[in-house]
Structures are given as structure tokens and as C-alpha cells.
Visitor: 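This is the structure I want to talk about, given as C-alpha cells.
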Amino acid sequence: REKRERREREEREKKKDNFQVSSMKLRGAVSRRTAARLQHVASVKRGNGPRITHSMASSVSVVCQRRREVLAKAAAEPVASSESKSQVKSKPAFPFTRVIQQDDMKLGLLLNVIDQRIGGLLVMGDRGTGKSVVVRAVIDLLPEIEMAEGDAFNSSPTDARLMSKEVREAIERGEDIKTRKAKTPLVELPLGATEDRVCGTLDVEAALQLGSKAFSPGLLAKANRGILYIDEVNLLDDSLVDVVLDAAAGGVNTVEREGISITHPASFIMIGTGNPEEGELRPQLLDRFGLYVEISTVADPDLRLQLALNRTAYDLNPEAFYESAREEQEALKEKLLQAKKLVKEVTVDRDLRVKISTVCSLLDIDGIRGDMVVVRTAKAFAAFDGRNEVTEDDVGRIIGLCLGHRTRKDPLDPLGGVQKVNAVFRRIFKDGLTYEAVKGMQAKSEAKKEDKETKEDGGEKDSSEQRSGLKPGQWRGLK
């Protein structure tokens with residue numbers, strides 16, 4: 001009986017050790033040679049092999065540690081040689097300046113680049129209208145950023161708000177932080193992503209090999225100081241969209257799971273695109289996006305032909321097509337850099353702020369988020385135009401993008417959200433009417449509408465009763 005129990009115990013331990021080693025091999029955590037050493041160590045622990053020495057045990061840990069360091073260094077360091085650069089070089093993105101029409105979408109992207117506090121952009125339109133092409137093209141207009149070397153959160157070496165805890169503690173200790181320059185990151189969030197992959201979770205490799213609790217950063221950490229792009233955002237799970245929007249609004253991501261409590265910077269521009277035929281976002285989520293744009297397919301035949309020719313030329317030779325637009329790209333890039341410096345000095349008169357709040361109040365917009373977004377967007381638009389003071393024309397150009405998706409939708413109202421916003425804007429800014437005057441006009445219009453509906457309903461009822469030959473209130477029978 002003792003022999004049988006001992007044999008069963010040894011078989012259970014063997015299965016357990018083999019499972020751990022095979023899982024590490026599948027995840028690529030260790031090489032085959034290291035896995036063989038681990039199997040040898042497990043057999044020695046069970047008493048089925050030669051006695052393990054101290055050097056053999058330390059060699060296994062050294063190999064694992066060295067492999068992790070090499071992988072981390074390869075991921076963090078930029079490619080140094082020109083030959084390797086040419087090998088991994090990808091084709092350039094479609095030039096932003098060669099996108100025809102879609103002016104509102106392009107303006108919304110540029111304004112978010114100038115002032116990230118606007119709150120992102122949501123683009124809804126037909127399929128094949130170039131939504132994702134424009135989003136990927138705007139990355140080429142952004143300058144390279146300086147980040148701490150070997151840091152998984154793209155930490156800034158100078159701004160404490162954009163630093164991870166490790167970099168901040170190293171600076172407080174007086175250590176010299178090595179930096180590198182890289183392109184502004186563009187992280188795409190796929191539809192099948194889970195909350196663990198987006199926010200981050202427990203590092204299983206460190207837990208198995210070292211027995212310690214470590215954090216594995218998610219997509220929000222990679223998107224810090226960059227752009228997070230969600231294609232088909234209306235098909236993404238609402239809870240996941242809410243998590244991403246919370247991080248975008250606060251600039252930080254807090255993770256509380258599996259005994260881990262960590263807060264890291266997550267300051268990024270949120271860009272979402274979708275097709276309204278596939279579904280709409282909830283009003284609560286719509287309100288979290290700063291700007292909203294609806295686009296449609298280009299109808300002009302000449303413009304459609306030009307679009308097709310540009311795309312064909314880009315597909316045949318991307319490098320040559322990009323070189324033909326390089327001067328325009330560089331000019332727009334320099335204009336954006338100047339606007340980002342000037343936006344902090346742009347001012348808005350109090351009268352304009354009062355009128356903006358009046359428009360928001362007449363449109364029955366919940367909260368003050370709409371008021372703040374209009375002011376920030378108007379400042380960015382003025383800075384993009386090279387001015388340090390906001391005018392009424394600036395507000396009129398961008399107010400539809402800021403408030404069109406925040407109005408309450410009425411299925412019986414012939415006016416859409418943007419048309420309704422522009423109508424109220426003209427009443428307040430152009431006609432010079434007061435809040436009380438416009439409110440009275442709206443009340444009279446509603447009263448006339450109700451009277452008309454009542455008369456129409458009553459007339460139809462009387463005529464139907466006369467045609468049927470029934471007395472008022474008489475039972476009509478089953479229909």
C-alpha cells in the first residue's frame with residue numbers, strides 16, 4: 001500500500017511539473033534547452049535523477065533572467081543599423097493633404113492634435129468613405145516624441161503627469177534617465193479585445209518563474225501620449241468603450257485585479273469610426289466624445305475620379321506618391337507645431353462665453369461638458385488660423401461639431417442635430433436675440449404645433465364617424 005501511494009504521488013508531481021514546463025514553452029518564456037534543464041531539476045526534486053548542484057540551479061535562473069533582459073532590450077531600443085532599417089521599413093501612409101473633401105473630419109482630427117483636452121473625435125459614415133485612411137494618415141503629421149528608454153508606458157522624461165511610477169522614483173533618487181525619440185504611437189483597439197488586454201493584468205510569466213506579482217501593461221499603456229483608434233466603435237462592447245473613455249477623460253488608468261493595484265498615465269486622443277447602418281452608440285457614450293462628424297460618399301463625378309486616381313497611384317508606388325506631397329505635408333506639420341504653441345495664449349471674451357452657454361441652454365444639453373468643449377475647440381481653431389483671440393465666426397464654424405450629437409433626438413423633428421444647433425446659433429449670435437426671446441419663440445412654436453395636431457386628430461375622427469354612420473361614442477365593432 002505504501003509503495004502504491006508513493007507511486008501515485010510521484011505521478012501527480014510529474015504531471016504537475018510537466019504542465020508548468022510545457023506552458024512556459026508554449027508561451028515562448030524559455031527555450032527548449034532551458035525547458036530541458038527545468039525538467040531535469042523537477043526529476044531531481046522527485047528523487048528520480050542525479051543530485052542537483054548549486055551551479056545547475058543558478059544557471060537555470062540566470063538563463064531565464066538573461067532571456068527576459070534581451071527581449072526587453074530588443075523591444076525598447078530602436079534599430080541602429082541602416083540595413084536593418086531598410087529591411088523593416090514599412091510603406092508610408094497615405095498623405096493627409098491628398099484626401100479630397102471630408103473637411104469636417106480632417107478639421108476635427110487636426111483640432112484634437114492641437115488641443116488634446118477637446119476629448120477625441122467620433123466619425124460616422126458610409127462604408128468605403130476613407131475614415132480609417134484619414135485617421136492613419138494624421139500620424140505622419142505628428143512630431144517625434146522623447147520617451148524614457150525601456151519604459152512600457154511611453155513615459156515623458158520632463159512632464160510628471162506623463163511619467164510612470166518607476167521613472168518618477170528614479171528621477172527623485174537623482175538617477176540619470178536615458179531617453180530615445182520615437183514616432184507618436186497609433187494603437188488600434190480590435191473588436192475582439194478583452195478588458196484584461198485593454199487595461200492590463202497580472203504577468204503570468206513572472207508569477208510562474210519568479211513567484212512574484214507583476215503587472216503586464218495593456219493597450220492603454222501603449223497608447224499613452226499617442227492616438228487610440230477604434231474602428232467600428234458602435235460594435236464594441238459598451239462596458240469596454242466606457243472604460244476607454246474614462247481613461248481618456250482622466251488621463252490615467254487604474255487597475256485593481258488579482259492583488260495588483262497600479263495607476264499609470266494614459267493620456268491619448270480617442271478616435272472612433274463606425275457605420276450607422278450597423279447600430280448606434282448610446283447617448284451616454286456619445287456625450288463622452290468631444291467632436292462628432294457625419295460623412296457621406298462623394299457625389300461629384302470629377303472628385304470621385306480624382307479620388308480613384310490618387311488611390312491607384314498610391315497603390316502602385318507609395319514612396320513616389322508620398323514624395324509628390326511632401327512639401328504640403330511639411331507645411332501642414334509646421335502649421336500644427338505653431339498652433340500647439342499658440343493655443344495656450346488664445347483668449348475668449350466673456351460675451352462670447354455667455355452666448356455659447358445660452359445656445360447650450362436653449363438646446364437643452366445636459367451638463368456643462370458641451371460648453372467647455374465649444375470653448376476649447378474654438379481656441380484650437382483660432383490658433384490653427386494663427387490668431388490669439390476667438391471670434392464669432394470661429395464659434396460658428398465648430399459649434400455644430402461640438403453640440404450636434406449632444407442634442408436630444410426627436411423622431412418627429414425634421415431638423416437634425418447639426419441643423420438645430422446652427423439655427424439656434426444664428427438666433428443668438430447673428431440676430432442678437434436674448435435667451436428669453438428665443439425661449440418664448442420656442443414655446444409659441446410648440447403650442448401651434450400641438451394645436452395643429454389636435455385639430456388634425458379631431459377632424460379625422462369626425463370625418464370617419466360621419467362616413468361610418470355611427471353616433472359619437474358608439475361602439476365600432478371589432479377591427
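Basis for what follows: all heavy atoms, side chains included, without hydrogens, waters or symmetry-related copies. Along the sequence shown, residues are numbered consecutively beginning with 1.
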Visitor: What is the distance from atom OG of S164 to atom CE of M147, rounded to the nearest 0.5 Å?
Guide: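 CE of M147 is found 12.0 Å from OG of S164.
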Visitor: Is the backbone of S156 close enough, under 3.5 Å, to the side chain of E146 for a donor and an acceptor to pair up by distance?
Guide: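 No; zero donor-acceptor contacts below 3.5 Å.
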Visitor: Is the shortest side-chain N to carboxylate O distance from D140 to K333 below 4.0 Å?
Guide: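 K333 and D140: not salt-bridged.
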Visitor: Answer yes or no: is there a donor N or O on one side and an acceptor on the other, between the side chain of D349 and the main chain of D351, under 3.5 Å?
Guide: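 It does not hold such a pair.
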Visitor: Return yes if some donor-acceptor pair links the side-chain N/O of N112 with the main-chain N/O of G120 below 3.5 Å, else return no.
Guide: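 Yes: the side chain of N112 pairs with the backbone of G120.
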Visitor: Would you check if the side chain of N388 reaches a backbone N or O of V346 as a donor-acceptor pair within less than 3.5 Å?
Guide: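 Between the backbone of V346 and the side chain of N388 there is no qualifying donor-acceptor contact (under 3.5 Å).
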Visitor: Would you find a donor on one side and an acceptor on the other, under 3.5 Å apart, between the side chain of R406 and the backbone of I365?
Guide: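 Judged by distance alone, no pair lies under 3.5 Å.
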Visitor: Is NZ or CZ of K430 both nearer than 6.0 Å to the six-membered ring centre of F425 and within 45° of the ring axis?
Guide: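 The answer is no, since K430 fails at least one limit relative to F425.
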Visitor: Applying side chain to side chain contact (heavy atoms under 4.5 Å, CB included), name anything that partners R311, two or more places apart in sequence or on another chain.
Guide: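 Testing R311 for side chain to side chain contact (heavy atoms under 4.5 Å, CB included), a comparison that skips the adjacent residues, returns F94, V133, Y314, D315.
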Visitor: Look at the side chain of R376 and the backbone N and O of G119, then say whether any donor-acceptor pair between them is shorter than 3.5 Å.
Guide: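 Answer holds: no.
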Visitor: Tell me if a side-chain donor or acceptor on D394 pairs with a main-chain N or O of T391 at a distance below 3.5 Å.
Guide: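 Answer holds: yes.
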Visitor: Step by step, work out the side chain to side chain contact (heavy atoms under 4.5 Å, CB included) result for I398 and V374.
Guide: CA-CA 7 Å; I398 55 88; V374 172; 4.1 Å; yes
Visitor: Would you call M372 and R117 a side-chain contact if the rule is heavy atoms closer than 4.5 Å?
Guide: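 Heavy-atom side-chain distance check fails, nothing below 4.5 Å.
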Visitor: Heavy-atom distance under 4.5 Å between the side chains of E334 and L337, does that happen here?
Guide: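 Result yes, sub-4.5 Å side-chain heavy-atom pair found.
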Visitor: Would you indicate whether the side-chain heavy atoms of C360 and L403 approach each other to under 4.5 Å?
Guide: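 They are in contact (side-chain heavy atoms under 4.5 Å apart), so the answer is yes.
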Visitor: Tell me, do L291 and V373 make a side-chain contact under 4.5 Å, heavy atoms counted?
Guide: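 Sidechains of V373 and L291: in contact.
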Visitor: Any salt bridge linking D231 with K131? Criterion: basic side-chain nitrogen under 4.0 Å from a carboxylate oxygen.
Guide: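 Here D231 does not pair with K131 in a salt bridge, since their nearest N and O are not under 4.0 Å apart.
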Visitor: Could you report the tightest heavy-atom contact between N234 and G279, atom names first, then the distance?
Guide: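 Heavy atoms of N234 and G279 come nearest at ND2-O, 2.8 Å.
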Visitor: Do other residues, nucleotides or ligands put more than 12 heavy atoms under 6.0 Å from E144 CD?
Guide: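 Above 12, so yes.
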Visitor: Run the salt-bridge test on R369 and D287 with the 4.0 Å N-O cut-off and return the result as yes or no.
Guide: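 Salt bridge: yes.
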Visitor: To check you understand the geometry: which heavy-atom pair defines the closest contact between F96 and Q329, and what is its length?
Guide: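 Minimum heavy-atom separation between F96 and Q329: N-OE1, 3.0 Å.
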Visitor: Evaluate the side chain to side chain contact (heavy atoms under 4.5 Å, CB included) criterion for residues L122 and H405: first the C-alpha distance (whole Å), next the side-chain angles of each, then the deciding distance (0.1 Å), finally the verdict.
Guide: CA-CA 10 Å; L122 177 61; H405 59 296; over 6 Å; no
Visitor: For the pair D104 and R397, find out whether any cationic side-chain nitrogen is under 4.0 Å from an anionic carboxylate oxygen.
Guide: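 A salt bridge is present here (some side-chain N lies under 4.0 Å from a carboxylate O).
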Visitor: Has N154 got a side-chain atom pairing as donor or acceptor with K222's backbone, closer than 3.5 angstrom?
Guide: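 At least one qualifying donor-acceptor pair exists.
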Visitor: Under 4.5 Å between any side-chain heavy atoms of E392 and L352, yes or no?
Guide: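 Yes, their side chains come closer than 4.5 Å.
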Visitor: Taking C-beta and beyond as the side chain, do R304 and T297 meet within less than 4.5 Å on heavy atoms?
Guide: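 Yes, at least one pair of side-chain atoms sits under 4.5 Å.
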Visitor: Could you walk me through whether V418 and E294 satisfy the side chain to side chain contact (heavy atoms under 4.5 Å, CB included) test, starting with their C-alpha distance in whole Å, then the side-chain angles of each, then the deciding distance to 0.1 Å, before giving a yes or no?
Guide: CA-CA 10 Å; V418 178; E294 290 184 359; over 6 Å; no
Visitor: Just how far is it from atom OG1 of T377 to atom CG of D115, taken to the nearest 0.5 Å?
Guide: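 Those atoms lie 8.0 Å apart.
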Visitor: Would you say that R225 contacts F153 through its side chain, given a criterion of any heavy-atom pair below 4.5 Å between the two side chains?
Guide: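 No, every pair of side-chain atoms sits at 4.5 Å or beyond.
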Visitor: Please examine the side chains of V167 and P157, heavy atoms only from C-beta on, and report whether any two atoms are closer than 4.5 Å.
Guide: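 Not touching, per the 4.5 Å side-chain cut-off.
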Visitor: Taking atom CG of L316 as the centre, does the number of heavy atoms from other residues, nucleotides or ligands within less than 6.0 Å exceed 12?
Guide: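 Count over threshold, so yes.
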